[in-house]
Number of protein chains: 2
Amino acid sequence: MNKNDIKNAGLKITLPRTKILKILETSEKRHMTAEDVYRILLADDKGTIALATVYRVLTQFEAADLVIRHNFESGQQAVFELNNNEHHDHMVCIRTGKIVEFHDEIIEQRQREIAKKHGFKLVDHALTLYGEFEESPKMNKQ
Amino acid sequence: MNKNDIKNAGLKITLPRTKILKILETSEKRHMTAEDVYRILLADDKGTIALATVYRVLTQFEAADLVIRHNFESGQQAVFELNNNEHHDHMVCIRTGKIVEFHDEIIEQRQREIAKKHGFKLVDHALTLYGEFEESPKMNKQ
DNA sequence: ATGTATGCAAAACGTTTGCATGATG
DNA sequence: CATCATGCAAACGTTTTGCATACAT
């Protein structure tokens, strides 16, 4: 019921917003740039939706905790993913851009301990591993 | 002997390069944006050094492993720090911008294990904790 | 009917680049 | 003296914003 998510965020239910949310929900890629979303909108749609609107809506969704914005070390485009409320970190392939999520409770726990030791009130954290996935011989990666 | 570092990087020893390196070495802030460096150059100097040069030099230093560039999740300006060859991660205060470094072997080890489990050749990683340092009552933070 | 959202174009931002000049080895 | 580095201004890619119009409630 994605329309409720929009309404609960205090936002009016508009075509751009429902479409963008649906794209985030149904796209095979969980991590998309604003341009990724924009390109999909251009493709499967008649009514024009401006790139500026995509940015605006994604920013609003972020403020509403509906999506999470990442700025991976590339420093280039931000990527957005639907917030499924299951915290996770990321492995990013430096060759293909492929992103895999993981969660490790030992690391999480250590972070809390380290923060505590430094008198640091932990609000958020980001852990990203950069490297390359070793392809299994027969598989073609994209 | 910072001039050797520059020479070893295959770079000519020029005023901008020695000054920028010295700023990185002697500034009380270990983590500086290009603009931070630029502003210091403007202040304590007569001969103009262009912001473009600061970016160029920092990028060259990065390629020579003299400095490390970070793009913290802010997505705004990159920050540069001298590479002391002691890997560490960062705690960033979301209120003051203060940065504290830490290193935790348990986390490092877990990362290697996770990468291995996923058939991921680990090249680099970035862990940043975001939060607030609890001030001790008498201390004025800056 | 009111207020909010949108498209468009232009601006803003951090960073990079082309080019003619200047300094280094 | 050949090469590399620099300053300047202009380009760049991403993201934001001003404004007049259009839509949701």
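To find a chain, count down the sequence lines: A is the first, B the second, and so on, and within it residues start at 1. These values consider heavy atoms only, across backbone and side chains, with no hydrogens, waters or symmetry-generated copies.
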Colleague: Starting at CD1 of B:Ile106, measure out to CD1 of A:Ile106 and round the result to the nearest 0.5 Å.
Modeller: 8.5 Å

Colleague: Where do N or O atoms of nucleotides 20-25 of chain C meet protein N or O atoms at under 3.5 Å, pair by pair?
Modeller:
residue : atom : partner : partner atom : Å
C:dT24  : O2   : B:Lys12 : NZ           : 3.0
C:dG25  : OP1  : B:Ile13 : N            : 3.1

Colleague: Hey, can you tell me if A:Phe72 and A:His31 have their rings parallel, tilted or perpendicular (30° and 60° cut-offs)?
Modeller: tilted

Colleague: Can you tell me how far C1' of D:dT14 sits from CZ of A:Phe72, to the nearest Å?
Modeller: 17 Å

Colleague: Find the bend of the helix from C:dA1-D:dT25 to C:dG25-D:dC1 as the angle between its two terminal axes (five pairs each), to the nearest 10°.
Modeller: 30°

Colleague: Between B:Lys22 and B:Glu25, does any NZ, NE, NH1 or NH2 come within less than 4.0 Å of an OD or OE carboxylate oxygen?
Modeller: no

Colleague: Give a yes/no on whether any side-chain N or O of B:Thr48 is located under 4.0 angstrom from OP1 or OP2 of D:dG7.
Modeller: no

Colleague: Is the shortest side-chain N to carboxylate O distance from A:Glu105 to A:Arg112 below 4.0 Å?
Modeller: yes

Colleague: So how far is it from A:His90 NE2 to A:His70 NE2, rounded to the nearest 0.5 Å?
Modeller: 4.0 Å

Colleague: Sort me out a list of protein N/O and nucleotides 13-16 of chain C N/O pairs below 3.5 Å, or just none if empty.
Modeller:
residue : atom : partner : partner atom : Å
C:dG14  : OP1  : B:Gln77 : OE1          : 3.3
C:dT15  : OP1  : B:Ala78 : N            : 2.9
C:dT15  : OP2  : B:Tyr55 : OH           : 2.3
C:dT15  : O5'  : B:Tyr55 : OH           : 3.3

Colleague: Do side-chain atoms of A:Tyr38 reach the backbone of A:Tyr55 as a donor and acceptor pair under 3.5 angstrom?
Modeller: no

Colleague: Distance check needed: C:dA5 P versus A:Leu58 CG, whole Å only.
Modeller: 15 Å

Colleague: Any non-hydrogen side-chain atom of B:Lys116 less than 4.5 Å from a side-chain atom of B:Gln111?
Modeller: no

Colleague: Within the side chain of A:His125, is there an N or O that forms a donor-acceptor pair under 3.5 Å with the backbone of A:Val123?
Modeller: no

Colleague: Counting only N and O atoms by type, is there a donor-acceptor contact under 3.5 Å from the side chain of B:Arg110 to the main-chain atoms of A:Asp104?
Modeller: no

Colleague: What's the CD-P distance between A:Glu62 and D:dT15, to the nearest Å?
Modeller: 12 Å

Colleague: Quick one: A:Ile20 CD1 to C:dA5 P, roughly how many Å, whole number?
Modeller: 13 Å

Colleague: Between C:dT4 atom C1' and A:Ile6 atom CD1, what is the distance in whole Å?
Modeller: 14 Å

Colleague: Could you check whether B:Arg30 pairs with B:Glu101 (Lys NZ or Arg NE/NH1/NH2 to Asp/Glu carboxylate O, under 4.0 Å)?
Modeller: yes

Colleague: May I ask you to establish whether A:Lys98 and A:Phe133 are in a cation-pi arrangement, using a distance under 6.0 Å from NZ or CZ to the six-membered ring centre and at most 45° from the ring axis?
Modeller: yes

